Amino acid sequence: MSFFRPLISLFLVCIAVLVVSCSDGNVKAPTYSAETITRIQLASAGVEKIKERLPELESYIDKQDWNNIRSFIHGPLGDLRTRLVGISKELLPADRTKSLELGKEIFGHLNKIDTAAADNNQAIAATNYTEALKDLAAFNDLLPELPKATAVETPSAETAEASESTMKAPGSMM
Ligand code: ZN
């Protein structure tokens, strides 16, 4: 027994070293689960649709179209903040704090555009539009790398047919 004991402890040390070195990467950096990535992707697709319409707001500011500026902010942009908060909640703690701050910032800029429109102040509206875009870009930088948007959509009939024919191809050659 006394002969084996040192060997056993050496063995245990080896295992401990192995376990620590293997888990090293996983323990240090928390990562996103596939489910979370999917939820973030779905939520950010909604935000992307809103972002695509932002040039409309820019053109209203250019034209000093005060009424449309205000109805755009309360209409299409109305639930932007809720959507951003929804995404923030899915992020890793360190990024969540930053993204919630950016969400607040963006909301603040939209409010200032709204007030500027009420005051017929194009310069303030334009400045806050630019700031909102910057903050949206910074928000986007906090998101994990997302698979291409098309991956989430259900495959079209054409795609399904194409993959079916590629699957059949090896069989027909035999
Ligand atoms: Zn800002």
Side-chain angles (χ1 to χ4, degrees), residues 20-159:
V20 167
S21 59
C22 284
S23 58
D24 204 30
N26 294 332
V27 173
K28 269 184 189 164
T31 48
Y32 291 101
S33 69
E35 290 81 10
T36 308
I37 293 279
T38 305
R39 282 201 299 274
I40 293 173
Q41 188 169 29
L42 286 172
S44 69
V47 170
E48 283 305 313
K49 277 197 185 132
I50 295 174
K51 274 158 78 179
E52 279 167 19
R53 293 192 57 185
L54 281 175
E56 281 179 53
L57 178 59
E58 191 179 9
S59 76
Y60 295 143
I61 294 172
D62 283 345
K63 289 182 221 156
Q64 307 195 16
D65 186 344
W66 314 119
N67 287 337
N68 269 322
I69 292 171
R70 303 196 76 189
S71 50
F72 194 87
I73 285 172
H74 295 278
L77 298 185
D79 66 347
L80 180 61
R81 193 181 180 202
T82 316
R83 286 174 185 271
L84 293 177
V85 169
I87 295 174
S88 298
K89 282 181 184 163
E90 303 289 350
L91 299 183
L92 300 174
D95 294 333
R96 192 185 306 146
T97 312
K98 280 185 220 157
S99 68
L100 284 170
E101 276 168 22
L102 285 168
K104 247 186 233 175
E105 280 263 336
I106 293 160
F107 187 66
H109 292 308
L110 295 182
N111 270 342
K112 281 180 187 159
I113 297 172
D114 190 38
T115 309
D119 296 342
N120 296 7
N121 191 327
Q122 188 187 30
I124 289 181
T127 308
N128 280 282
Y129 176 79
T130 311
E131 288 299 317
L133 286 189
K134 276 189 208 162
D135 290 336
L136 273 167
F139 185 95
N140 210 57
D141 287 343
L142 294 174
L143 303 188
E145 200 174 315
L146 299 171
K148 290 256 161 75
T150 46
V152 163
E153 289 166 15
T154 46
S156 65
E158 203 182 352
T159 324

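Remember, it's 1-based here, ligands and their atoms both numbered in the order they're listed. Side chains included, hydrogens not; waters and symmetry mates left out as well; all remaining heavy atoms used. Predicted model only: the values in this text are computed from it and were never measured.
With respect to the salt-bridge test (charged N to carboxylate O, under 4.0 angstrom), the residues Glu48 and Lys51 qualify.
The set of protein atoms (N, O or S) found at less than 2.8 Å from the Zn ion (ligand 1) reads Glu105 OE1, His109 NE2, Asp135 OD2, by chain and number.
The list of salt bridge (Lys or Arg N to Asp or Glu O under 4.0 Å) pairs with a residue in residues 103-123, not counting sequence neighbours, reads Arg70-Asp114. Residues in residues 130-147 take part in these salt bridge (Lys or Arg N to Asp or Glu O under 4.0 Å) pairs, two or more places apart or across chains: Glu131-Lys134. Among residues at least two apart or in separate chains, salt bridge (Lys or Arg N to Asp or Glu O under 4.0 Å) pairs with a member in residues 79-91 are Arg39-Glu90, Asp79-Arg83.
Using modelled atom types, no side-chain atom of Tyr60 and backbone atom of Asn67 make a donor-acceptor pair closer than 3.5 Å. Side chain of Gln41 to backbone of Pro147: a donor-acceptor contact under 3.5 angstrom is found.
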